Amino acid sequence: MAGQMLKRWADALVHFEYVYLNAFLRQPHTPQWIPLLVQPSQELVQKNESFDINSIFDGFLWGVPTCRRSAEKRMMRKYGSPQWHNKLILPRKDIKVCGTCGHYHEEKCLCPNCYSKVKAETTILQEQMIKELGINPVEKEVAIVYQGEKNQFNDEFFKDNTVIEVEKPRPKWFSKNLLQKSNANVTIETSTIKPHDLG
């Protein structure tokens with residue numbers, strides 16, 4: 001690279017010497033006015049040295065691997081290790097069958113099929129509540145009554161609660177206990193326990 005740059009500079013100086021200096025000095029062309037710059041470039045161009053492969057590997061090929069990777073390491077990188085990180089596709093043992101619908105789902109997770117049904121039913125109830133109540137504040141408890149269930153409640157139930165009637169039968173999986181509060185009408189009995197046989 002340096003030799004090519006010096007050769008181009010030398011050619012440019014020779015051209016400058018030929019065009020401008022001959023016109024001013026009116027002498028025949030002698031391409032040795034600047035021998036200090038011309039001579040090193042000619043030496044680099046005319047220098048014939050034997051080719052050595054080590055000169056190539058001396059600089060920019062240091063990052064290549066110099067040792068062969070063993071078969072054990074190749075298999076470890078490809079498939080992993082059972083003790084550390086196993087990359088093999090193994091059968092899953094945490095898949096269970098839903099006892100309600102029979103679909104498969106992960107262990108300790110909700111069944112996606114049953115959850116989709118609950119989500120759809122909840123969306124219908126929310127739309128019905130917004131349609132009847134709007135965005136006004138509700139001062140009473142909201143009770144959901146499905147089709148055919150109105151005769152099962154007394155008049156006090158309709159006075160104490162804000163009833164939302166849904167014109168469809170209740171789903172079999174939607175139990176009435178789901179609408180009851182967990183801590184409603186719960187009384188805790190306390191009694192004093194005295195120690196005995198202390199002396």
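Only a predicted model underlies this, so the values are computations on that prediction, with no experimental measurement involved. When a residue number appears, it is its place in the shown sequence, counting from 1.
Between E121 and R170 no salt bridge is recorded (no basic side-chain N to carboxylate O distance below 4.0 Å). Under the 4.0 Å criterion applied to side-chain N and carboxylate O atoms, D155 and K159 are not assigned as salt-bridge partners. Between R92 and E106, at least one side-chain N (NZ, or NE/NH1/NH2) sits under 4.0 Å from a carboxylate O, which counts as a salt bridge.
The nearest pair of heavy atoms linking K168 to I124 is NZ-CD1, 4.0 Å. P112 and Y104 get closest at one heavy-atom pair: CD-O, 4.4 Å. Closest approach of E132 to V163, counting heavy atoms only: OE1-O, 3.9 Å. Summarising the geometry of C114 relative to T100, their closest heavy-atom pair is SG-CB, 4.1 Å, with the distance given to 0.1 Å. Heavy-atom minimum distance, F157 versus A143: CZ-CB, 3.5 Å.
Within the model, atoms CE of M76 and CD of E72 stand 6.0 Å from one another, a figure rounded to the nearest 0.5 Å. We find the NE2-SG distance between H105 and C98 to be 5.0 Å, quoted to the nearest 0.5 Å. Rounding to the nearest 0.5 angstrom, the gap separating the NZ atom in K73 from the OG atom in S70 is 5.5 Å. Remark: I144 CD1 to N161 CG distance equals 10.5 Å, nearest 0.5 Å. Here the NZ-OG1 distance, from K117 to T122, works out to 13.5 Å after rounding to the nearest 0.5 Å. L125 CG to I164 CD1: the interatomic distance, rounded to the nearest 0.5 Å, is 9.5 Å.
The environment of F153 atom CZ is dense: over 12 non-hydrogen atoms of other residues, nucleotides or ligands sit within 6.0 angstrom. Atom CD of Q152 has more than 12 heavy atoms from other residues, nucleotides or ligands within 6.0 Å. More than 12 heavy atoms of other residues, nucleotides or ligands lie within 6.0 Å of CZ in R74, so this atom counts as buried by the packing criterion. Crowding of Y115 atom OH: a count of heavy atoms from other residues, nucleotides or ligands under 6.0 Å not exceeding 12. Within 6.0 Å of the NZ atom in K150, the count of heavy atoms belonging to other residues, nucleotides or ligands does not exceed 12.
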Output, in order, the C-alpha distance, side-chain angles, deciding distance and verdict of side chain to side chain contact (heavy atoms under 4.5 Å, CB included) for E107 and K93. CA-CA 9 Å; E107 188 179 6; K93 299 180 180 180; over 6 Å; no
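Side-chain atoms of Q83 and S81 include a donor-acceptor pair closer than 3.5 Å.
Taking a 4.5 Å side-chain heavy-atom cut-off between Ile, Leu, Val, Met, Phe, Trp and Tyr, the cluster of L88 extends to M75, Y79, L90.
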